[in-house]
Each structure stands twice: as structure tokens, then as C-alpha cells.
Amino acid sequence: MPRSRFHYLLFHLLLLLSSSFSSPNPETTALFTWITSGRSASPFPDWNPTDSSPCNWTHVACDSAGSVSSISIISTPLALPLPTTLCFSLPSLSSLSISASNLTGSIPSSFSECRRLAVLDLSSNSLSGPIPASLFRLPLLQSLILNSNLLSGQIPVSLGESTALLNLLLYDNRLSGPIPDSVGNLSRLQTLRAGGNRDLSGQIPDSLSQCRNLSVLGLADTKISGSIPASIGRLSNLQTLSVYTAMLSGSIPPELGNCTLLTNLFLYENSLSGSLPPELGRLSNLQRLLLWQNSLSGFLPEQFGKLSSLQIIDLSINSISGAIPLSVGGLTNLQELMLSDNKISGSIPPSISKLTSLSQLQLDTNQISGLIPQELGELSNLVVFFAWQNQLEGSIPSSFGSLTSLQALDLSHNHLTGSIPPGLFLLQNLTKLLLLSNDISGVIPPEIGQCRSLVRLRLGCNRIGGRIPLQIGGLAGINFLDLSSNRITGTVPDEIGKCSQLQMLNISNNTLSGELPASLGSITGLLILDASLNQFSGPIPESLGKLASMNKLILEGNLLSGPIPSSLSRCLSLELLDLSNVNQHVQMAPPSTACSTSSVTNGLYQQAIHRPCSDSNLIH
């Protein structure tokens with residue numbers, strides 16, 4: 001006898017037995033028996049086994065004949081398996097939605113007996129085992145939602161028999177193997193999402209092009225490989241193509257430009273190569289184009305300037321060359337322009353200033369040259385501007401003082417000259433200003449004290465002169481201050497002690513003189529203090545012993561005198577104390593006063609520890 005028939009007879013036998021005890025309704029009994037299995041009471045107080053009908057119960061709906069047609073349970077910790085007799089006891093069931101409720105066990109194959117079932121949503125549970133092939137033989141099934149479980153095995157070939165299917169959501173499981181070619185039989189299919197199944201493999205089936213109603217195709221975070229079939233261009237209703245973090249190769253087919261309703265194109269973190277098809281410029285509805293970390297080459301097509309709906313374009317970490325086309329100014333809805341880590345040359349086009357919604361402009365690690373356009377100061381919504389590791393020349397535009405939304409500006413490792421515009425320090429949202437390794441001169445503007453939002457300031461490896469302004473004490477929130485390898489003179493102002501959040505202070509390789517201020521001892525969170533290669537004189541401040549978290553104190557190459565303060569023995573985190581080349585005036589403390597965890601260097605300095613401006617990776 002077939003197992004399903006056995007369950008059917010057994011269930012009705014139980015109903016006959018229960019009828020002798022005046023059981024009110026077989027559907028009532030079936031539902032109450034299931035919900036209370038393994039527990040003493042129902043999680044739903046209104047589920048009463050003596051009720052004549054379950055139609056007034058929460059989570060239950062009935063049809064006009066008084067039979068249960070829908071069950072909807074969301075975010076209830078049931079910790080139960082699905083009942084194998086459900087379809088025999090609820091023959092009119094058309095919708096079953098039990099999500100985020102910790103269902104356990106497998107999906108019963110007997111669910112294929114729910115012949116009226118149109119919606120089956122078992123998402124976000126702990127179901128395991130294979131997807132029963134028989135599910136795809138349900139004649140009315142429109143939505144099969146099984147995502148976010150522990151399902152394993154392959155997608156059944158019988159998938160192609162579910163010709164009424166509109167939505168198939170299988171993502172975030174443990175499915176493996178290929179997508180069956182039979183998927184092409186699902187002419188009504190609108191959504192197919194199977195991403196997050198990391199062992200799903202094979203190619204995108206060419207037969208998928210027969211699913212002419214498909215609007216969403218999601219196969220991200222899988223082992224889907226091979227090329228994108230040119231036939232995908234026949235999917236005229238496609239709105240989202242998401243196959244990122246996979247193993248795609250080959251070129252992007254020009255035919256993709258025929259998918260004129262496409263809104264989202266996510267193909268990042270693959271091995272795609274070749275040039276960007278100019279035909280993509282026909283996608284007037286495209287809002288997000290994410291192709292980063294592939295092996296794409298060639299130029300940025302001029303036709304991309306026609307993508308009038310585009311909000312985000314990220315082509316970072318490829319091998320794209322040539323100049324940024326002037327037509328980029330036509331992308332009036334663009335919010336993020338990400339072109340980092342390519343081989344882009346030429347200059348920054350002033351037409352970028354027309355992108356008034358732009359919040360992110362990342363052009364770093366390219367071969368861009370020329371001047372930074374003054375017009376960029378018109379980008380009132382700009383939050384991040386990265387152009388480090390290029391060949392930019394000229395001065396930082398004074399118009400940048402108008403970028404009132406700016407939070408991070410990194411122009412390090414270029415050939416910039418001139419002085420730092422004082423207006424930069426009047427930007428009340430600026431948290432990071434990195435100008436490392438340029439040819440910037442002038443002085444540190446006294447306006448620096450007004451930039452109270454600043455957290456990270458790196459001006460190292462330039463030609464900045466003058467003194468450290470007293471106003472530096474206004475940077476109460478700064479935690480990383482690098483003024484190394486410049487031409488700064490004079491003393492370090494006592495106001496530096498007001499920078500109470502500092503963790504790293506590097507003032508090395510300047511011409512600073514006088515005594516190190518005792519106020520440094522009030523920066524209790526300081527981890528690294530590098531004042532080497534200056535002309536500091538006098539004693540090492542006793543107050544440095546208050547810096548219990550400090551792990552590196554580098555004072556090499558100064559004119560210091562007197563003993564090593566015994567208070568340094570309280571710096572239990574100290575790993576390096578470098579006093580080499582201090583004109584031989586510093587007296588070594590007896591071993592008992594030196595911190596046992598410290599490495600004290602006097603005359604035997606390890607050059608590998610201190611390389612000013614040699615490692616740009618420390619910046620970013």
C-alpha cells in the first residue's frame with residue numbers, strides 16, 4: 001500500500017475514533033493535534049479543540065463553504081515538523097505560509113496531495129532534506145517560497161512540470177548541482193531566486209530565455225560558471241539580473257542592451273572579461289550597475305552618458321582604461337561613481353559637477369592626471385571623494401570649502417602643490433582628511449581648530465612649514481594625527497593635550513624643537529607617539545608614565561637629556577622604547593625601573609620599525 005494512502009486511512013481512522021468523544025470538526029482536530037504535538041498547550045490561545053470550526057481562529061481563513069483554505073503563521077517559535085497528513089485533513093487548502101517559525105524535519109512528499117495549493121511559503125525555517133520532486137506536479141502552484149532553510153540535494157528536473165509557477169524562491173539553502181534545463185517550460189515564471197546555494201553549479205541555462213515573463217533572476221553567491229548566454233537578451237521583462245560572487249567568465253553580451261526594463265545589473269566578483277558593451281547605454285531604466293572586481297578592459301563607452309536613470313555605477317577593480325567620457329555629465333541622477341583600481345587616464349572632466357546628487361566619487365588608484373576641477377566644489381551632496389594614488393597636479397581647489405556634506409577626502413600620493421585651503425577646516429562634517437605624500441607647502445591653517453568633527457588627519461610627506469597652531473587643541477575627537485616628514489618648526493603647543501581621543505600621534509622627521517610638552521601625559525588613550533628625527537631637547541616628560549595603553553614610544557634622533565623617567569615602568573603595554581641617536585645625553589635607567597615588557601633601544605635601532613610614508617596601505 002502506498003505510504004500516502006496509509007497515512008490517509010490512518011488519519012480517518014483516528015477521526016472516527018475521536019468522533020465517539022464528540023470531536024467537533026475534523027479540521028479543528030487536525031490543526032489542534034498538530035500545533036500541540038510535543039507541548040502541553042497551544043501557542044495560540046484561541047485555538048480551542050472544542051470549537052465547531054477553526055474558521056475564527058487566528059492564522060486561519062476559510063472559504064465560503066466553511067473549509068480551511070489558508071494558514072498563515074509568521075515568527076512564532078513552533079519547533080515542530082510539518083504534519084504529513086495535512087493535505088488529507090485540509091482538502092481545500094490553497095495557501096500555506098509558515099515562515100520564521102523554526103519548522104524542523106523535511107518537507108513531506110505528501111504535500112503533493114494538496115491539489116488546490118497555489119501558495120506554499122515555508123521560508124526562514126530549519127527544514128532539511130531534498131525538495132520533493134512531486135511538489136512541482138501541483139497543478140495550481142503559483143508561488144513556491146522555500147528560501148532560508150537547510151534544504152539540500154539538487155533542484156528536481158520535474159521543476160518544468162510546474163507550468164502555473166510565477167515565483168520560485170530557493171535562495172540561502174544548501175542546494176547543489178545545475179539548474180535544470182526544464183526551467184524553460186515555465187513560461188509564466190516571473191521570479192527565480194536561487195542565490196546563496198554555494199554548491200549550485202553549471203551554466204545559466206539557455207532555455208531560460210523562454211521564460212519571457214521573467215523579471216528577477218538571482219543566482220548570486222553560487223558556483224554558476226560559464227558565459228552569460230546571449231539569449232538572455234530575449235527577456236524583455238527582466239528588471240533585475242543578479243549573479244554576483246559566482247564563477248562567470250567571458251564577455252558581457254551586447255544583447256543585454258535589449259532588456260530595456262532592466263533596473264539592476266549585479267555581476268560583480270566574477271571573472272568577466274572583454275570591454276563594456278556600448279549597447280548597455282540603451283538601458284534607460286537602469287539604476288544600479290555593479291560590475292566591480294572582474295577582468296573587464298577597454299574604454300568607458302560614451303553611450304553610458306545616456307543612462308539617465310542611473311544612481312550607482314561601480315566598475316572598481318578591473319582593467320578599464322582611457323579617459324572618463326565627458327558624457328558622464330548626463331547622469332543627472334547619479335549618486336555614486338566608483339571607478340577605483342583601474343587604468344583610467346586623462347583628467348577629471350568638469351562635467352562631473354553637473355551630478356548634483358553625487359554623494360560618492362571614488363577615482364583612486366588610477367592614472368588620472370591634470371588639475372582637480374574647481375567646479376567640483378558645486379557638488380553640495382558629496383560625502384566621499386577619493387582620488388589617491390593618481391598623478392594629479394596643481395593645488396587643492398579653494399571651492400572645496402563649499403562641500404558642506406563632505407565627510408572623507410583622500411588625495412594622497414599625487415603631485416599636488418600649493419597650500420591647504422583654510423576652508424577645508426570649516427567643513428563641519430569632515431571626519432577624514434588625508435593628503436599624504438604630495439608636494440603641498442604653506443602652513444597648517446589656524447582654522448584647523450574649528451573642524452571639531454575631524455577624526456583622522458594625515459598630512460605626512462609634504463613640504464608644510466610653519467608651526468603647529470595652538471588651535472590644534474580644538475580637535476577634541478581626533479584619534480589619528482600624522483604631521484610627519486614635513487618642515488614644521490617651533491615647539492609642540494601644550495594645547496595638544498586637549499586632543500584627548502588621540503591614539504596615534506606622529507610628528508617625526510620635522511624641525512621641531514624645545515621640550516616635549518608634559519600635557520602629552522593627559523592623552524590617556526595614546527598608543528603610539530613618534531617624535532623622532534627632530535631637535536627636541538630637555539628631559540623626557542615624567543607625565544608619559546600616565547599613558548598606560550602606550551605600546552610604542554619613538555624618540556630617536558633628538559637632543560634629549562636626563563634619565564629615562566622611572567614612571568615609564570607603569571606603561572605595561574609598552575613594546576618599543578626607541579632612544580637611539582639622542583646625542584648620548586639620555587641616561588639609561590637601572591633594569592629595575594624599566595618596564596619588563598618593553599624593548600628599549602639605545603643605539604641599535606631597527607630601521608624596519610620606522611619607515612616614514614613607506615606604506616600607503618596603513619592609510620586606508
Test side chain to side chain contact (heavy atoms under 4.5 Å, CB included) applied to Ser351 and Val328, step by step: CA-CA 7 Å; Ser351 60; Val328 72; 3.8 Å; yes

Checking side chain to side chain contact (heavy atoms under 4.5 Å, CB included) for the pair Val492/Leu512: CA distance, chi angles, key distance, verdict? CA-CA 7 Å; Val492 177; Leu512 293 164; 4.2 Å; yes

Test side chain to side chain contact (heavy atoms under 4.5 Å, CB included) on Leu520 and Leu505 and set out the steps. CA-CA 10 Å; Leu520 289 171; Leu505 174 60; 3.8 Å; yes

Tell me whether [X] contacts the main-chain N or O of [Y] through its side chain, where contact means a donor paired with an acceptor under 3.5 Å.
X	Y	value
Asn462	Leu416	no
Asn510	Asn486	yes
Ser573	Met550	no
Ser453	Gln428	yes
Ser327	Glu302	yes
Asn438	Asn414	yes
Asn294	Leu248	no
Ser242	Ala220	no
Ser359	Gln335	yes
Ser412	Leu436	yes

Atom [atom1] of [X] and atom [atom2] of [Y]: how far apart are they, to the nearest 0.5 Å?
X	Y	atom1	atom2	value
Tyr268	Thr245	OH	OG1	5.5 Å
Met338	Leu315	CE	CG	10.5 Å
Gln407	Leu382	CD	CG	10.0 Å
Gln293	Glu269	CD	CD	5.0 Å
Leu276	Ser251	CG	OG	10.5 Å
Leu559	Ser537	CG	OG	6.5 Å

Side-chain heavy atoms of [X] within contact of [Y], under 4.5 Å:
X	Y	result
Ile468	Ile496	no
Leu392	Ile348	yes
Ile448	Pro469	yes
Leu363	Phe385	yes
Leu579	Ile540	yes
Glu336	Gln311	no
Ile554	Ser508	no
Phe536	Glu515	no

Which one of Ile528, Leu574, Leu526 satisfies the side-chain contact (heavy atoms from CB on, under 4.5 Å) criterion with Asn551? Ile528

Dump the intermediate steps for side chain to side chain donor-acceptor pair (under 3.5 Å) on Gln391 and Ser369, then the final yes or no. CA-CA 5 Å; Gln391 300 169 20; Ser369 58; 5.3 Å; no

Between Asp364 and Ser340, does a side chain to side chain donor-acceptor pair (under 3.5 Å) hold up when you go through it step by step? CA-CA 5 Å; Asp364 54 275; Ser340 304; 2.7 Å; yes

So which atom in [X] and which in [Y] form the shortest heavy-atom distance, rounded to 0.1 Å?
X	Y	value
Asn390	Asn366	OD1-C, 3.0 Å
Leu300	Pro325	CB-CD, 3.7 Å
Asn558	Asn534	OD1-C, 3.0 Å
Glu542	Ser566	OE2-OG, 3.8 Å
Ile472	Cys499	O-SG, 3.3 Å
Leu516	Ala531	CD2-CB, 4.1 Å

Give me the one residue out of Asn506, Asp482, Asp410 that meets side chain to side chain donor-acceptor pair (under 3.5 Å) with Arg458. Asp482

Check the pair Asn381 / Leu358 against side chain to side chain contact (heavy atoms under 4.5 Å, CB included), numbers first and verdict last. CA-CA 6 Å; Asn381 290 300; Leu358 199 66; over 6 Å; no

Below 30° counts as parallel, above 60° as perpendicular, anything between as tilted: where do the rings of Phe266 and Tyr244 land? perpendicular

Is it the case that more than 12 heavy atoms not belonging to Met504 sit under 6.0 Å from its CE atom? yes

